[in-house]
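These notes are about the structure you will find just below.
None of the values given here were measured: they were computed from a predicted structure. Numbering of ligands and ligand atoms starts at 1, following listing order.
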Amino acid sequence: MTRIGFIGLGNMGGPMAANLAKAGHTVQVFDLVAENIDRAIAAGCIAAGDAREAVTGCEVVISMLPAGEHVRSLWLGESAGQDLLAALPVGALVIDCSTIDVDSARQVGEAARVRGLRFIDAPVSGGVAGAAAGTLTFIVGGDAADFEAAKPLLACMGQNLFHAGALGAGQIAKMCNNMLLAIHMAGTAEALALGVKEGLDPAVLSTIMGKSSGNNWSLERYNPWPGVMENVPAARNYQGGFMTRLMVKDLGLAMALAEHGHSAVPMGALARNLFNLHAAQGQGSRDFSSIVELYLDKQDPA
Ligand code: NAD
């Protein structure tokens, strides 16, 4: 069994750490939010007073944080002036599961290498339900040997484990995926709103499209229309899940990637504008499938 330091116990990190503990590993956890730590303790993890304590004595450390600045700040100590990587034993494996910009992933990976540590970028797909069920997809960048070393632990949290290529490749593949996710979520919301406006039942329409050529993950597994599906954010007023502001972040990362390679991404750019508009209307903390509300008629206040 492995001693693991786990930092970041939010919507995703919480259930991921719980699955590692369930598999019998010793999981030392830290988050800035006390109630997230309490939940992890209830799931069998061990609380640490700060990030340094959480990673002390660990052969493997995992971070699951919102964005690149949090990951750089944690591991490189850009804000706290603490070099957490320096606290790890030589040879320790650092697994960052956050979705972040490629440059930050490469920067932290290189800093780890210089200190004699191993690092993989390992963003995930599958949502909060996948994190809870231990069925996530891991998309890994880094050395093949480090990917192999991480596999038994990743398998406690996920079902599909992919090596996308060298350091940073996991993030690139994840950005491509999330740009596509944003496009089909917005498209699914649009198609459902069109049908409902013309008198169709959203559940019936979802079943029809789900068995037709319009089927996709947003429709079939994460339906944005309230009342169509249980156990999705739409069934709980879009609380929990994948916050709109995180999707906005990912679309920004995809646009930066497109800029870098001079790639044309017209659909991704449109999706980014839609989710930006939605976030600007005060929806940043709600699940991204609440984008469906952009398509609903509002009452004329006059
Ligand atoms: P979240 O905001 O729910 O969780 C992030 C956690 O990190 C919070 O609990 C926060 O308190 C903690 N944190 C931030 N800075 C910290 C620090 N310095 N030390 C300790 N804890 C710190 O976000 P989430 O939904 O769990 O997403 C995490 C990452 O996973 C993001 O990069 C996101 O894009 C990605 N992701 C999310 C989903 C999803 O469905 N929610 C799916 C796939 C990938």
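Atom 4 (O) of ligand 1 has Gly10 CA, 3.2 Å as its closest protein atom, hydrogens excluded (heavy atom only). Summary of contacts: the protein heavy atom closest to atom 29 (C) of ligand 1 is Leu65 O, 3.3 Å. At the shortest separation from atom 20 (C) of ligand 1 among protein heavy atoms lies Ile7 CG2, 3.5 Å. Residue, atom and distance of the protein heavy atom nearest to atom 11 (O) of ligand 1 are Asp31 OD1, 2.7 Å. The closest protein non-hydrogen atom to atom 30 (O) of ligand 1 is Met64 CE, 3.1 Å. From the protein, the heavy atom lying nearest to atom 32 (O) of ligand 1 is Pro66 O, 2.8 Å. Protein heavy atom in closest approach to atom 40 (O) of ligand 1: Phe242 CB, 3.2 Å. In this structure, the protein non-hydrogen atom closest to atom 18 (N) of ligand 1 is Leu32 CD1, 4.1 Å.
Judged by the shortest distance from any of its heavy atoms, Ser125 lies outside the 4.0 Å radius around the atoms of ligand 1. Taking 4.0 Å as the cut-off, Lys249 counts as a neighbour of ligand 1 on heavy-atom distance.
Residue-ligand proximity, Lys174 to ligand 1, at heavy-atom distances under 4.0 Å covers atoms 43 (C), 44 (C). For ligand 1, the atoms sitting less than 4.0 Å from at least one non-hydrogen atom of Met243 are 2 (O), numbered in the order shown with element in parentheses. Which parts of ligand 1 touch Val33 is read off a 4.0 Å heavy-atom cut-off, strictly below it: atoms 11 (O). Atoms of ligand 1 lying under 4.0 Å from any heavy atom of Thr99, numbered from 1 in the order shown and given with element: 32 (O), 34 (O), 35 (C), 44 (C).
Ring planes of His163 and Phe147: parallel class, angle under 30° (limits at 30 and 60°).
Among the atoms of Met12, some N or O lies under 3.5 angstrom from an N or O of ligand 1. Backbone and side-chain nitrogen or oxygen atoms of Gly241 are examined, and one is located within less than 3.5 angstrom of a nitrogen or oxygen of ligand 1. Taking only nitrogen or oxygen atoms, main chain and side chain alike, Asn36 reaches within less than 3.5 Å of ligand 1.
For the pair Ala21 and Ala43, the tightest heavy-atom approach, listed with the atom from each and the gap, is CB-O, 3.7 Å.
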Please tabulate, for the side chains in residues 191-213, all donor-acceptor contacts under 3.5 angstrom to protein atoms that are two or more places apart in sequence or on a different chain.
{"from": "Lys197", "atom 1": "NZ", "to": "Asp297", "atom 2": "OD2", "distance (Å)": "3.0"}
{"from": "Asp201", "atom 1": "OD1", "to": "Ala203", "atom 2": "N", "distance (Å)": "2.7"}
{"from": "Ser206", "atom 1": "OG", "to": "Pro202", "atom 2": "O", "distance (Å)": "2.7"}
{"from": "Ser206", "atom 1": "OG", "to": "Asn223", "atom 2": "ND2", "distance (Å)": "2.9"}
{"from": "Thr207", "atom 1": "OG1", "to": "Ala203", "atom 2": "O", "distance (Å)": "2.9"}
{"from": "Ser212", "atom 1": "OG", "to": "Ile208", "atom 2": "O", "distance (Å)": "2.6"}

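The pair Lys151-Glu148 counts as a salt bridge, with a side-chain nitrogen and a carboxylate oxygen less than 4.0 angstrom apart.
Asp121 places a side-chain N or O within donor-acceptor distance of the main-chain N or O of Gly168, the cut-off being under 3.5 Å.
Using modelled atom types, one finds a donor on one side chain and an acceptor on the other under 3.5 Å when comparing Arg286 with Gln283. Between the side chains of Asn216 and Thr188, at least one donor N or O sits under 3.5 Å from an acceptor N or O.
Considering only residues two or more places apart in sequence or on other chains, Phe162 meets the ring-ring contact (aromatic ring centres under 6.0 Å, His included) condition with none of them.
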